[in-house]
Novice: 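This is the structure I have questions about; it appears just below.
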Amino acid sequence: MGAFSRIVTPARRIAAGPKEQLWFVSAANQAYYLQEGRYFRAPGALSDVAVGADGSVYALGIQKQAGGFGLWRWTGMSWNALGMGAVDLAVDADGQVWAVDDTGRISAAPKGKSHFTEVPGTAKSIAINGKPVWILLPD
């Protein structure tokens, strides 16, 4: 990882968490995060990133797989694969990740776990503000 005092690259996705935690994904699928006033590049190629109120970071990769794109959890130094694909994601206040796959199915997994449970209903997109989960219906 290299440090950057200033990032001059077009960003297409951004996520913010507690204590001025900021992540963004560039147009070239590179992920950056702000830590102690400096930008760092995270390894790998990503298409989206989400940060929970507890600081948990999850992302979607760029490789297609069943359900959409690979879903990953940040460990602080690297990404751990969660074994499922999604097209949208969000993280709640407790660090639980919520995902929507390419069929609209909604799933959730507790913080740090890779065992997802399907949630009733379907969605096109998902967002979370602390505890309430908001979905954009597929129609």
Novice: Using atom types as modelled and distance alone, determine if a side-chain donor or acceptor of T75 lies under 3.5 Å from a backbone N or O of W79.
Specialist: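 Checking the backbone N and O of W79 against the side chain of T75, no donor-acceptor pair under 3.5 Å is found.
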
Novice: Any donor-acceptor pair under 3.5 Å linking the side chain of Q65 with the backbone of M84?
Specialist: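 Answer holds: yes.
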
Novice: Decide yes or no on side chain to side chain contact (heavy atoms under 4.5 Å, CB included) for L22 and I14, but give the supporting numbers first.
Specialist: CA-CA 7 Å; L22 177 70; I14 189 167; 3.6 Å; yes

Novice: Is the closest side-chain heavy-atom distance between V91 and I128 below 4.5 Å?
Specialist: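 SC-SC contact between V91 and I128 ruled out.
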
Novice: For Y33 together with F40, are the ring centres under 6.0 Å from each other?
Specialist: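 That pair passes the under 6.0 Å test.
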
Novice: Got more than 12 heavy atoms from elsewhere within 6.0 Å of NZ, K124?
Specialist: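 Atom NZ in K124 is not crowded, with 12 or fewer foreign heavy atoms closer than 6.0 Å.
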
Novice: When you look at W72 and N80, which way does the side chain to side chain contact (heavy atoms under 4.5 Å, CB included) test go after all the steps?
Specialist: CA-CA 5 Å; W72 300 84; N80 278 352; 5.6 Å; no

Novice: Given 3.5 Å as the limit, does a donor-acceptor pair link the side chain of S107 with the main chain of A99, or not?
Specialist: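 Here the side-chain-to-backbone pair does not exist.
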
Novice: So, are K111 and D54 salt-bridged, with charged N and O less than 4.0 Å apart?
Specialist: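 Judged by the 4.0 Å cut-off on N to carboxylate O distance, K111 and D54 do form a salt bridge.
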
Novice: Should the heavy atoms of other residues, nucleotides or ligands under 6.0 Å from CD of Q63 be counted, would the total exceed 12?
Specialist: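 Not buried by this count: 12 neighbours or fewer within 6.0 Å.
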
Novice: If only atom types and distance count, is the side chain of W23 paired as donor or acceptor with the main-chain N or O of V49 below 3.5 Å?
Specialist: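 Here the side-chain-to-backbone pair does not exist.
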
Novice: Any side-chain donor paired with an acceptor under 3.5 Å for N129 and W134?
Specialist: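 No, because no side-chain N or O of N129 sits under 3.5 Å from a partner of the opposite role on W134.
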
Novice: Any idea which heavy atoms bring L46 and V25 closest together, and the distance?
Specialist: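 That would be O-CG1, 3.3 Å.
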
Novice: Mark yes or no for whether D94, through its side chain, and Q96, through its backbone, hold a donor-acceptor pair below 3.5 Å.
Specialist: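 Not confirmed, D94 side chain does not pair with Q96 backbone.
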
Novice: Tell me, yes or no, whether the heavy-atom count around E36 atom CD, taken from other residues, nucleotides or ligands under 6.0 Å, exceeds 12.
Specialist: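 Counting neighbours around CD of E36, 12 or fewer heavy atoms of other residues, nucleotides or ligands fall under 6.0 Å, so no.
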
Novice: Same cluster or not: are V87 and L89 linked, directly or through other Ile, Leu, Val, Met, Phe, Trp or Tyr residues, by side-chain heavy atoms under 4.5 angstrom apart?
Specialist: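 Result: no, two separate clusters.
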
Novice: Hey, can you tell me if F24 and Y32 have their rings parallel, tilted or perpendicular (30° and 60° cut-offs)?
Specialist: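 Correct class here is parallel.
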
Novice: Between the side chains of S125 and D88, is a donor N or O closer than 3.5 angstrom to an acceptor N or O?
Specialist: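 On atom types as modelled, these side chains qualify, holding a pair under 3.5 Å.
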
Novice: Determine whether V133 and V97 fall in the same hydrophobic cluster, where Ile, Leu, Val, Met, Phe, Trp and Tyr are linked whenever their side-chain heavy atoms lie under 4.5 Å apart.
Specialist: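 Result: no, two separate clusters.
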
